[in-house]
Every structure is written in structure tokens, then in C-alpha cells.
Amino acid sequence: MKVINASTIGNLISAHIEGDEKKFLAFANFIADAYEEAGEERSAKIIRKRIDGTYKNDPQITFD
């Protein structure tokens with residue numbers, strides 16, 4: 001089972017700061033996989049939609 005810890009998040013941030021998209025995507029997908037393995041399908045879906053950009057196609061919620 002994959003575990004998300006502070007080191008994983010730190011590596012994700014480092015990859016972003018370094019501009020290493022391949023490394024960033026590897027960590028982001030690792031995190032999504034870990035959520036799926038833990039049965040957190042909704043969390044994994046949110047992350048994957050952010051990775052592939054499809055969240056932009058979802059209706060936006062606004063509060064008045």
C-alpha cells in the first residue's frame with residue numbers, strides 16, 4: 001500500500017519549483033494511486049482531473 005507523507009508532498013513541491021514536469025506528474029499520480037488504494041475514489045478523481053485539466057469542463061459553483 002502506498003503512503004502519502006510529508007516527504008512525498010515535499011518532493012511534489014520540489015519538482016514544481018524545479019520545473020520538472022515529469023517528476024511532478026510522477027508524484028501527483030503516486031498520490032492519486034495512494035488515494036485509490038485507500039478507497040478514496042473521490043479524492044483520486046479530483047487529483048486526476050487537476051492533472052489532466054478536465055476539471056475546467058466541470059460546471060462552476062458560485063455563491064451569491
Side-chain angles (χ1 to χ4, degrees):
M1 176 176 257
K2 295 178 173 97
V3 177
I4 304 167
N5 56 32
S7 179
T8 305
I9 303 299
N11 286 329
L12 178 73
I13 293 167
S14 293
H16 171 70
I17 290 170
E18 294 166 5
D20 188 340
E21 185 173 352
K22 184 176 178 181
K23 186 174 165 184
F24 180 83
L25 290 175
F27 280 106
N29 281 306
F30 175 88
I31 292 168
D33 290 344
Y35 276 119
E36 283 178 340
E37 287 181 9
E40 298 285 337
E41 298 296 327
R42 185 170 185 269
S43 298
K45 185 177 179 180
I46 289 168
I47 292 169
R48 294 205 189 281
K49 284 181 158 235
R50 290 289 175 163
I51 290 170
D52 66 16
T54 58
Y55 73 94
K56 295 175 186 175
N57 300 331
D58 290 344
Q60 299 297 311
I61 298 173
T62 57
F63 297 100
D64 294 328

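Numbers for residues simply follow the sequence, beginning at 1.
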_Restricting to side-chain hydrogen bond (donor to acceptor under 3.5 Å, both in side chains), what partner residues turn up for Ser14, sequence neighbours left out?_
none
Distance-only donor-acceptor pairs under 3.5 Å for side chains of residues 20-27, two or more places apart:
unit_1, atom_1, unit_2, atom_2, d
Asp20, OD1, Lys22, N, 3.4
Asp20, OD1, Lys23, N, 3.1
Lys23, NZ, Glu18, OE1, 3.4

*Is any side-chain heavy atom of Val3 closer than 4.5 Å to a side-chain heavy atom of Thr8?*
no
*For Asn57, enumerate each residue passing the side chain to side chain contact (heavy atoms under 4.5 Å, CB included) test, keeping only those at least two apart in sequence or located in another chain.*
Thr54
*Contacts of type side chain to side chain contact (heavy atoms under 4.5 Å, CB included), residue Glu36, not counting sequence neighbours*: Asp33, Glu41, Ala44, Arg48
*Roughly how far, to the nearest 0.5 Å, is CD1 of Ile31 from CG of Leu12?*
5.0 Å
*List for me each residue that meets salt bridge (Lys or Arg N to Asp or Glu O under 4.0 Å) alongside Glu37, sequence neighbours excluded, and say none if there are none.*
Lys2
*For Ala28 and Ile47, which heavy atoms make the closest approach, and how far apart are they?*
O-CG2, 3.8 Å
_List the residues meeting salt bridge (Lys or Arg N to Asp or Glu O under 4.0 Å) with Asp58, not counting sequence neighbours, and say none if there are none._
Lys49
*asked:* Measuring only between side-chain heavy atoms, which start at C-beta, is Tyr35 closer than 4.5 Å to Ile4?
replied: yes
